[in-house]
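Order of the sequence lines fixes the chain letters, A, B, ..., with proteins taken first and strands second; residue numbering starts at 1 for each chain.
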Amino acid sequence: MKLVTFNINGVKARTPVIERWLDEAKPDVAVFQEIKSVDEAFPRSVIEDRGYQLETHGQKGFNGVAILSKLPLTNVTRGLPGDESDEQARYIEADVGDSGFRLCGLYLPNGNPAPGPKYDYKLAWMERLEARARDLLARETPFALTGDFNVIPQPADAARPDAWREDALFLPQTRAAFRRLELLGLYDAVRLRHPGPGIYSFWDYQAGARQRNDGIRIDHWLLSPGAADRLQDAWVEGAPRDWEKPSDHTPVWVDLAL
DNA sequence: ATGGTAGAAGATCTA
């Protein structure tokens, strides 16, 4: 079963890309970030007419996540537990199919500028994500955390790591929080399958970053032990970054034997 | 040191 995460950077602006990409790539399950739309305004038919169940968690203007699936989605929950006052739409969970597999789609806060309140929010959000991962691990059923983590885990995950030293995506505290997730026993699927440097999922729109391959790897799949046992493959699909009116991110895939 | 781009909302913020 092919599952994919894709930060689409605005569902309305990206509809032509989404249509072409769904028709060509044919994912079984896709997780979107930055839909930048309220649920009522999401172009549902673009997704549903292609045979997907669609679950959205949007807000006005910014953020917003969604899950699309050809298998039934059940037990859908919206919002990351741990802070009732958090109104940002950055998290959605659902069971996919009937195997007990649970999928967590996330759009982790950017955190810039750091230090500052936005960075404090990012770190607090990562603590809540770790707590959620601990709860899911205790269930002993397979699950995956996937989405735009806004974390560059290692220097090998950036073309120019020195340019990111002071950035919220690469600060030591950010990387340590990501590492704590891995130390719970979660597996970075793309890193597992591609141990070398030079695998990127984001290229800035500015300064010809894509043409110069000045990228970073910030969109990830973290698999529970049971899900990692079922990992067939993991890869980044670079081509949609070069289409007309692209997102600044590109799809990141896993193939799981679920 | 600066500015370069994009999306959504709406004349600015976020990334």
Looking at [X], I want to see if its [atom1] is surrounded by more than 12 non-hydrogen atoms of other residues, nucleotides or ligands under 6.0 Å.
X: A:K2; atom1: NZ; answer: no
X: A:R212; atom1: CZ; answer: yes
X: A:K12; atom1: NZ; answer: yes

Margin query: Between A:S201 (side chain only) and A:I218 (backbone N and O only), is there a donor and an acceptor less than 3.5 Å apart?
Written below: yes

Nearest-Å distance for atom pair [atom1]/[atom2], residues [X] and [N]:
X: A:I35; N: B:dA6; atom1: CD1; atom2: P; value: 22 Å
X: A:D148; N: B:dT14; atom1: CG; atom2: P; value: 17 Å
X: A:F202; N: B:dA6; atom1: CZ; atom2: P; value: 12 Å
X: A:Q206; N: B:dT2; atom1: CD; atom2: C1'; value: 12 Å
X: A:D248; N: B:dA8; atom1: CG; atom2: P; value: 12 Å
X: A:W164; N: B:dA15; atom1: CH2; atom2: P; value: 13 Å
X: A:K12; N: B:dA6; atom1: NZ; atom2: P; value: 19 Å
X: A:K36; N: B:dT5; atom1: NZ; atom2: C1'; value: 11 Å

With rounding to whole Å, what would you report as the distance between [N] and [M] at their [atom1] atoms?
N: B:dT5; M: B:dA1; atom1: P; value: 22 Å
N: B:dT14; M: B:dG10; atom1: C1'; value: 15 Å
N: B:dT2; M: B:dA6; atom1: P; value: 23 Å
N: B:dG7; M: B:dA11; atom1: C1'; value: 15 Å
N: B:dG4; M: B:dA15; atom1: C1'; value: 14 Å

Comparing A:N150 with A:D204, nearest DNA chain B nucleotide closer to 5' gives the residue A:D204

Given [options], the nucleotide with the shortest approach to the side chain of [X]:
X: A:Y107; options: B:dA15, B:dG4, B:dA8; answer: B:dA15
X: A:Y205; options: B:dA6, B:dA8, B:dT14; answer: B:dA6
X: A:R14; options: B:dG7, B:dG4, B:dA15; answer: B:dG7
X: A:K245; options: B:dG4, B:dA15, B:dG7; answer: B:dG7

Do A:Y205 and A:N9 have side-chain atoms, one donor and one acceptor, less than 3.5 Å apart?
yes

>> For a quick check under 3.5 Å, do A:N213 and A:W203 share a side-chain donor-acceptor pair by atom type?
In response: yes

Original post:
Side-chain N or O of A:R210 less than 4.0 angstrom from OP1 or OP2 on B:dG4?
Top reply: no

A:K118 side chain near B:dT14 phosphate (N/O to OP1/OP2, under 4.0 Å) | yes

**Message:** Angle between ring planes, A:W21 versus A:F32, binned at 30° and 60°: parallel, tilted or perpendicular?
**Reply:** tilted

In numerical order, the residues of residues 57-67 of chain A whose heavy atoms come under 4.0 Å of DNA chain B are A:K60, A:G61, A:F62

Exactly one candidate in A:V4, A:V252, A:T5 meets side-chain contact (heavy atoms from CB on, under 4.5 Å) with A:T146; the answer is A:T5

For A:R90, which contact category applies under a 4.0 Å heavy-atom criterion: base, sugar-phosphate, or nothing? sugar-phosphate

